[in-house]
Asks: 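Submitted below is the structure of interest, expressed as structure tokens.
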2 protein chains.
Amino acid sequence: MRSYKQHCGLATALDLVGDRWTLLIVRELLIRGGCRYTDLQKGLPGIATNLLAERLRELESAGIVAREEAPPPVATTLFRLTERGRALEPAILQLGLWGAPLLARGAKGAATQPHWLVLPLKIFLKDRTPRERDASIEVRAGRESLAIELSSGAVKVRLGAPEQADATVTGKPEKLLEFFAGKLDKAAASAAGIAIEGARDVLARIVPSVA
Amino acid sequence: MRSYKQHCGLATALDLVGDRWTLLIVRELLIRGGCRYTDLQKGLPGIATNLLAERLRELESAGIVAREEAPPPVATTLFRLTERGRALEPAILQLGLWGAPLLARGAKGAATQPHWLVLPLKIFLKDRTPRERDASIEVRAGRESLAIELSSGAVKVRLGAPEQADATVTGKPEKLLEFFAGKLDKAAASAAGIAIEGARDVLARIVPSVA
DNA sequence: CCGGATCCGGGTTGATACTG
DNA sequence: CAGTATCAACCCGGATCCGG
């Protein structure tokens with residue numbers, strides 16, 4: 001394995017996760033939890049299969065990913081982050097935050113997948129009225145759903161629909177991102193095809209422009 | 001320029017700074033401020049000169065680095081981070097923090113440079129008694145000095161000697177890192193060749209094991 | 001379908017030499 | 001000092017194939 005051979009935290013981190021595709025693989029596993037090989041391929045459009053296989057081997061031997069033989073009904077191998085792998089989340093969130101402003105002028109031909117919304121929402125959603133009751137919001141994009149859960153001041157975001165949603169927001173992923181970032185007022189949101197159902201006041205706790 | 005073509009903050013960030021050596025160049029500029037080309041080469045042992053030149057061009061066109069023609073007495077071009085470039089600091093600190101635990105078992109043959117201490121110290125030094133008076137500490141490693149400045153609860157770390165130091169710590173970079181991380185007790189520190197001069201109580205505000 | 005392995009063309013990297 | 005030029009070795013991406 002190639003190394004920078006520098007006695008520096010950043011350099012040793014990059015020795016392990018600085019290769020092309022590596023951090024994006026960790027991103028997928030952070031968002032989705034346990035993944036099959038083909039789930040990873042779908043979430044990483046453009047990756048060559050040999051690279052995915054090789055990166056997974058490297059990540060496994062670095063103790064960042066663990067391979068797990070799932071029993072039926074799954075009956076296949078699952079890839080999962082170890083504790084050490086999950087510890088990369090703050091670094092990945094910061095990098096994503098830095099890159100977010102460039103996202104506006106969408107690179108032409110860029111792929112978009114709804115579940116990529118999870119990380120940005122994790123960073124910039126804050127409960128503006130934390131003392132109110134617990135609530136949950138469903139975000140629908142394409143055929144995927146995200147759950148936003150407000151509980152005692154904390155905002156949790158995860159893949160999958162909430163058990164029971166106080167409000168539902170539907171739209172295209174790019175537009176949803178702008179919407180939750182507060183860049184769309186009411187008129188712009190509905191013009192962008194964003195539909196809101198249910199309790200608007202719950203939504204207003206995290207998106208000022210809804211109020 | 002190669003791109004992941006994914007509409008995701010992390011992916012676009014890596015499009016710009018995910019290439020080999022790129023984040024390490026940013027690290028150098030974060031620590032040292034304006035740099036000459038050869039300063040960068042010294043701080044990045046192992047980089048090929050053509051790669052350094054190419055990365056600097058890419059960083060410049062991405063708006064992360066600015067080239068500046070310095071007047072005499074410097075009379076050469078300086079490379080400096082833009083505002084956008086300095087905004088990478090949180091991400092770099094988090095990545096360095098993640099990599100730090102691996103630093104303990106030093107990769108054999110790894111280069112060590114004193115100024116690389118600046119980033120780790122920036123993260124994990126905290127003033128444990130913030131209400132006391134302002135103070136400053138000089139850290140000497142080889143022929144380079146760092147300044148640690150305590151001011152109203154904040155800890156600032158930068159390259160260069162402080163104007164006037166209340167205490168001075170001298171040693172090898174690797175050992176100094178362990179020392180400031182609190183992994184060395186008094187005996188271990190002096191056995192490791194770490195020398196402390198001046199006001200020990202000032203040092204104890206940031207390093208518990210000195211007390 | 002799932003989880004890869006293999007092969008190949010082209011692009012990137014790294015070491016060295018050289019230049020204004 | 002601040003790079004460019006050259007070239008070999010390696011890595012990446014795409015396509016194809018293969019055993020469960």
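Labels below follow one simple rule: chain letters A, B, ... track the order of the sequence lines, proteins then strands, and each chain is numbered from 1.
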Asks: When you check the phosphate oxygens OP1 and OP2 of D/dT4, does a side-chain N or O of B/Arg57 lie under 4.0 Å from one of them?
Replies: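 Yes, because at least one side-chain N or O of B/Arg57 sits under 4.0 Å from OP1 or OP2 of D/dT4.
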Asks: Please determine, for the side chain of B/Thr38, which listed nucleotide (C/dC2, C/dA5, D/dC1) has the closest atom?
Replies: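 Given the options C/dC2, C/dA5, D/dC1, the side chain of B/Thr38 is closest to D/dC1.
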Asks: Is there a side-chain contact between B/Arg36 and the phosphate of D/dG3, meaning an N or O under 4.0 Å from OP1 or OP2?
Replies: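 Checking B/Arg36 against D/dG3: no side-chain N or O falls below 4.0 Å of OP1 or OP2.
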Asks: Please state how far atom CD1 in B/Ile25 lies from atom P in D/dG3, giving the value in whole angstrom units.
Replies: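 From B/Ile25 CD1 to D/dG3 P: 12 Å.
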Asks: Can you tell me how far P of C/dG3 sits from CD of A/Gln41, to the nearest Å?
Replies: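 My rounded result for the distance is 9 Å.
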Asks: Enter the distance from A/Arg86:CZ to A/Glu83:CD here, rounded to the nearest 0.5 Å.
Replies: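 Going from CZ on A/Arg86 over to CD on A/Glu83, the span is 4.5 Å.
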Asks: How about A/Ser136 and A/Asp166: do any of their side-chain heavy atoms sit closer than 4.5 Å?
Replies: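 Yes - at least one pair of side-chain heavy atoms lies under 4.5 Å apart.
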Asks: Given A/Arg158, which partner from the list A/Glu138, A/Glu149, A/Glu144 fulfils the salt bridge (Lys or Arg N to Asp or Glu O under 4.0 Å) test?
Replies: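 Among A/Glu138, A/Glu149, A/Glu144, the one that satisfies the salt bridge (Lys or Arg N to Asp or Glu O under 4.0 Å) with A/Arg158 is A/Glu149.
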Asks: Given the rule in the salt bridge (Lys or Arg N to Asp or Glu O under 4.0 Å) test, do A/Arg80 and A/Glu68 qualify, once you have shown the distances and angles that lead to the verdict?
Replies: CA-CA 7 Å; A/Arg80 199 178 287 282; A/Glu68 170 186 325; 2.8 Å; yes
Asks: For C/dT13 and B/Arg55 - does any side-chain N or O of the residue sit under 4.0 Å from the phosphate oxygens OP1/OP2?
Replies: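 Yes, B/Arg55 has a side-chain N/O under 4.0 Å of OP1/OP2 on C/dT13.
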Asks: Just the rounded figure in Å: distance from P of D/dC1 to CG of B/Leu56.
Replies: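 After rounding, the gap between these two atoms is 16 Å.
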Asks: Decide yes or no, distance alone: a donor-acceptor N/O pair under 3.5 angstrom between the base of D/dG14 and the side-chain of A/Asn50.
Replies: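 Present.
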Asks: What I want to check is whether an N or O donor and acceptor connect the side chain of A/Thr77 with the base of C/dG3 at under 3.5 Å.
Replies: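 No, no donor-acceptor pair under 3.5 Å.
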Asks: Starting the side chain at C-beta, find the nucleotide from C/dC2, D/dC12, C/dA17 nearest to B/Thr49.
Replies: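 Given the options C/dC2, D/dC12, C/dA17, the side chain of B/Thr49 is closest to C/dA17.
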Asks: To the nearest Å, give me how far apart CG (B/Leu52) and P (C/dA15) are.
Replies: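 Atom CG in B/Leu52 sits about 14 Å away from atom P in C/dA15.
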Asks: To the nearest Å, give me how far apart CZ (A/Arg2) and P (D/dC12) are.
Replies: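 The distance from CZ of A/Arg2 to P of D/dC12 comes to 7 Å, rounded to the nearest Å.
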Asks: Side chain of A/Tyr37, heavy atoms from C-beta onward: which of D/dC12, C/dA15, C/dG4 has the nearest atom to it?
Replies: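 Nearest to the side chain of A/Tyr37 among the choices is C/dG4.
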Asks: Note the angle between the end axes of the helix from C/dC1-D/dG20 to C/dG20-D/dC1, five pairs defining each, rounded to 10 degrees.
Replies: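 Nearest ten degrees gives 30° for this helix.
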Asks: Rounded to whole angstroms, how far apart are CD1 on A/Ile47 and C1' on D/dC12?
Replies: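 Roughly 11 Å, once rounded to whole Å.
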Asks: Testing the basics here: between A/Val17 and A/Leu23, what is the closest heavy-atom pair and its distance to 0.1 Å?
Replies: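 Heavy atoms only, the tightest pair is O-CG, 3.6 Å.
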Asks: Please answer whether the main-chain N or O of A/Lys42 pairs with a side-chain N or O of A/Gln113 as donor and acceptor at a distance below 3.5 Å.
Replies: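 At least one qualifying donor-acceptor pair exists.
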Asks: For A/Gly63, is there any backbone N or O sitting under 3.5 Å from a side-chain donor or acceptor partner on A/Thr82?
Replies: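 Present.
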Asks: Rounding to a whole Å, what distance do you find between A/Leu51:CG and D/dG14:C1'?
Replies: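 My rounded result for the distance is 10 Å.
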Asks: Whole angstroms only, please: what is the CG-P distance between A/Asp39 and C/dC1?
Replies: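 From A/Asp39 CG to C/dC1 P: 14 Å.
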